[in-house]
Amino acid sequence: MAVLKVTFTKTNRDKLAQVLWVLNWVSVVTGVTLFSLGLFLKVEIVKRRELMSKEIVSVPNMLICVGMTACAINFLGGKICYDCVDTTKFLRWKLLMLPYIICTFFFTFCILVGALMCYSMRNDLEESLFLGLRDAIRYYKDTDMPGRCYIKRTMDMLQMQFQCCGNGGYRDWFHIQWISNRYLDMTDSEVVERLRSNVEGKYLIDGVPFSCCGLHSPRPCIQHQITNNSAHYTYDYQKEELNLNRRGCRQALLEHYTQIMQSIGLIVLIIWLFEVSVLTGVRYLQTAMENVLRLGDPDSESDGWLLENSIADTARYNFNIIKNLGKCYQVDDDPNIDVPNTSQQAQENVPVKQIPVAR
C-alpha cells in the first residue's frame with residue numbers, strides 16, 4: 001500500500017510543477033545564504049587565529065560546500081520541474097528523476113548535519129581558546145621576537161574590545177611574567193629581589209596590563225598592586241568592585257562565537273525544513289508523472305506518493321538489495337556445481353586390480 005497517496009488532476013500537476021519551479025529558485029538563494037554564512041564564520045575564526053591553538057574550520061567549510069552544492073542541485077531541480085509541465089519533456093528526465101531525488105535527500109541530510117555541528121562546536125572551540133589564550137598571555141612580553149611581536153597588540157585590542165581580562169580572569173596575569181626584562185630596572189633592589197625569590201627567575205607582580213582597565217570605571221584604573229589595600233586610598237580589593245574587567249577573555253569570546261553559531265544553526269535548520277518540503281513536492285511530482293505515462297493519457301488523473309509500498313516493505317526490500325550485493329560474485333548459483341566431473345566418474349568406474357599376496 002502506497003504511503004501518503006494523493007490524486008492529482010492535470011491542472012494540479014501543472015500548478016505543482018510551477019510552484020516547485022519557483023521554490024527551487026528560492027532554494028538557489030538559500031544556497032547562496034549558506035555559502036555566505038560559512039564564509040562569514042570562517043572570516044570570524046581566521047580573524048582571531050592567533051588566539052586559538054587550532055582553527056575550527058570544519059563547520060564553515062561544510063557550510064560553504066553545502067551552499068555551493070545547493071545552488072547546483074536546485075538549479076537543476078528548477079529546470080526539471082519546469083519541464084514536467086509537458087509530458088513529452090518529462091521523458092528526458094524520467095530516468096534521472098529518482099537519482100536526483102536520492103542525491104537531494106542525502107544533500108538535505110548534510111544540511112541537517114551542518115545545523116547540528118553549529119550547536120556541537122562549543123566544546124572544541126572552548127578548548128582551542130583556552131590553549132590559545134594561555135600561550136598569548138605567555139608571549140605578551142615578547143614584542144621583539146619574530147612571530148610574536150604582534151601578540152601584545154592583539155591581546156590588548158581583544159581585552160579592550162570585549163572588555164575582558166586574562167584567560168579565565170584578571171588573576172591569570174599574576175602567574176606569568178608579562179613585563180619584558182628589557183623594561184626592568186636591574187639596579188632596583190626590589191626588582192632583583194623579586195626575580196631571585198622566584199624559582200624560575202620570573203618577575204611576577206599582582207598587576208595587569210592597561211587594557212584590562214574598565215572603560216566605565218568612575219575612578220582611575222588600579223592596575224598595579226591590586227591586592228595591596230594600603231597602596232591605594234579607600235581601597236579594599238576583597239570588597240570593592242574592581243575597576244578592572246572581571247570577565248575572562250575565553251568566556252567573552254566563547255559567548256561571542258556561541259551567539260553567532262546559534263544564529264547560523266537556526267537559519268540552517270530553517271533552510272533544511274524548506275529543502276525537505278521542496279524534496280517532498282518533487283517526489284509527488286515524479287510519481288504522478290510516471291503514473292500518467294503508464295496510463296497513456298496526459299489529461300487523466302494520476303496518483304502520487306512518497307513510497308510505493310509501506311515503510312516496512314520498502315525497508316525490507318532495500319535491506320535485501322544491500323544483503324545480496326556481495327553475492328553477485330559467488331558461484332553458489334552455478335547450474336553445473338552439482339554435476340559430477342566425467343573424468344572423475346570414469347576413474348571411479350575403473351575396477352581396482354588386486355595385488356596378489358605371496359604365500
Side-chain angles (χ1 to χ4, degrees), residues 2-39 61-118 264-295 298 301-308 311 314 318:
V3 177
L4 299 178
K5 183 171 67 173
V6 178
T7 301
F8 294 92
T9 62
K10 172 82 167 53
T11 304
N12 292 336
R13 288 195 303 269
D14 293 344
K15 289 182 179 180
L16 179 62
Q18 293 171 359
V19 170
L20 289 175
W21 174 71
V22 175
L23 293 180
N24 272 282
W25 278 107
V26 175
S27 297
V28 173
V29 178
T30 61
V32 176
T33 303
L34 285 174
F35 177 83
S36 303
L37 291 175
L39 193 62
N61 286 342
M62 184 174 184
L63 292 177
I64 291 173
C65 294
V66 169
M68 296 175 63
T69 307
C71 294
I73 288 180
N74 292 306
F75 178 81
L76 177 62
K79 176 62 176 174
I80 293 175
C81 294
Y82 182 80
D83 289 343
C84 284
V85 177
D86 190 354
T87 309
T88 57
K89 292 182 179 180
F90 173 74
L91 291 174
R92 308 175 189 171
W93 305 103
K94 183 178 181 298
L95 297 178
L96 188 62
M97 283 288 285
L98 186 58
Y100 166 77
I101 290 175
I102 294 175
C103 292
T104 307
F105 175 79
F106 285 107
F107 162 71
T108 53
F109 178 75
C110 291
I111 295 179
L112 179 61
V113 171
L116 296 177
M117 289 177 64
C118 291
I264 293 177
L266 180 60
I267 295 174
V268 175
L269 190 59
I270 294 174
I271 292 175
W272 175 75
L273 293 174
F274 180 77
E275 292 290 341
V276 169
S277 63
V278 175
L279 177 61
T280 303
V282 173
R283 174 60 176 171
Y284 273 115
L285 182 62
Q286 177 221 356
T287 53
M289 293 299 295
E290 287 182 352
N291 288 327
V292 167
L293 295 178
R294 293 191 185 101
L295 295 173
E301 293 184 352
S302 61
D303 294 332
W305 49 69
L306 292 182
L307 296 175
E308 187 174 0
I311 298 177
T314 304
N318 293 326

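Hydrogens, waters and symmetry mates play no part in the numbers below; they use all other heavy atoms, side chains included.
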Asks: Indicate the atoms forming the closest heavy-atom contact of Gly304 with Thr287, along with that distance.
Replies: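 Shortest heavy-atom separation between Gly304 and Thr287 comes out as CA-OG1, 3.2 Å.
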Asks: Distance from Leu279 atom CG to Tyr100 atom OH, nearest 0.5 Å?
Replies: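 Separation between the atoms: 7.5 Å.
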Asks: Hey, what do you get for SG (Cys71) to CG (Leu76), rounding to the nearest 0.5 Å?
Replies: 13.0 Å
Asks: If you measure from CD1 on Ile264 to CG on Leu34, what distance do you get to the nearest 0.5 Å?
Replies: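 One gets 10.0 Å once the value is rounded to the nearest 0.5 Å.
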Asks: Once you round to the nearest 0.5 Å, how far does CG of Leu285 lie from OG1 of Thr280?
Replies: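 So the gap between those two atoms works out to 12.5 Å.
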Asks: Which heavy-atom pair separates Cys118 from Gly265 by the least distance, and what is that distance?
Replies: CB-CA, 3.9 Å
Asks: Surrounding CE of Met117 (heavy atoms of other residues, nucleotides or ligands, distance under 6.0 Å), is the total greater than 12?
Replies: yes
Asks: So which atom in Leu20 and which in Cys81 form the shortest heavy-atom distance, rounded to 0.1 Å?
Replies: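 Nearest heavy atoms, Leu20 then Cys81: CB-SG, 3.6 Å.
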Asks: Is there a side-chain contact between Ile102 and Phe106 in this structure, where contact means two heavy atoms from C-beta onward sitting under 4.5 Å apart?
Replies: yes
Asks: Would you compute the distance between atom CD1 of Ile111 and atom CG of Leu116 and round it to the nearest 0.5 angstrom?
Replies: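 If we round to the nearest 0.5 Å, Ile111:CD1 and Leu116:CG are 12.0 Å apart.
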Asks: Does some side-chain heavy atom of Asn74 sit less than 4.5 Å from a side-chain heavy atom of Glu275?
Replies: yes
Asks: Any side-chain heavy atom of Arg283 sitting closer than 4.5 Å to one from Leu98?
Replies: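 Sidechains of Leu98 and Arg283: in contact.
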Asks: Could you tell me whether Phe107 atom CZ has more than 12 heavy atoms of other residues or ligands within 6.0 Å of it?
Replies: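 More than 12 heavy atoms, drawn from other residues, nucleotides or ligands, come within 6.0 Å of this atom.
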Asks: For a quick test of reading the model, state the closest non-hydrogen atom pair linking Ser302 to Asn291 and the distance between them.
Replies: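 Closest pair (atom of Ser302, atom of Asn291, distance): CB-CB, 4.0 Å.
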Asks: Less than 4.5 Å apart, side chain to side chain, heavy atoms only: is that true for Leu16 and Asn12?
Replies: no
Asks: Side-chain contact test, heavy atoms from C-beta onward, threshold under 4.5 Å: evaluate it for Met97 versus Val282 and give yes or no.
Replies: yes
Asks: So how far is it from Leu23 CG to Ser277 OG, rounded to the nearest 0.5 Å?
Replies: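 Here the rounded value is 6.5 Å.
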Asks: So, for Thr104 and Ile73, which heavy atoms are closest and what is the spacing to 0.1 Å?
Replies: OG1-CG2, 3.7 Å
Asks: Indicate the ring-plane relationship of Trp21 and Tyr82, choosing parallel, tilted or perpendicular according to the 30° and 60° boundaries.
Replies: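 Tilted, since the angle between the ring planes falls between 30° and 60°.
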Asks: Keeping the roles fixed (side chain from Trp272, backbone from Phe109), state whether a donor-acceptor pair exists under 3.5 Å.
Replies: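 The answer is no, because no donor-acceptor pair under 3.5 Å joins these two groups.
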Asks: Under a 4.5 Å cut-off applied to non-hydrogen side-chain atoms, are Val28 and Trp25 in contact?
Replies: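 Result yes, sub-4.5 Å side-chain heavy-atom pair found.
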Asks: Thr30 vs Ser27, test: side-chain contact (heavy atoms from CB on, under 4.5 Å). Steps then yes/no.
Replies: CA-CA 5 Å; Thr30 61; Ser27 297; 3.9 Å; yes
Asks: Looking at side-chain heavy atoms only, is the closest gap between Leu112 and Leu269 below 4.5 Å?
Replies: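 Yes. Closest side-chain heavy atoms under 4.5 Å.
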Asks: For Met62 versus Gly114, what's the shortest heavy-atom pair and its separation?
Replies: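 Scanning both residues completely, I find the closest heavy atoms to be CE-N, 3.9 Å.
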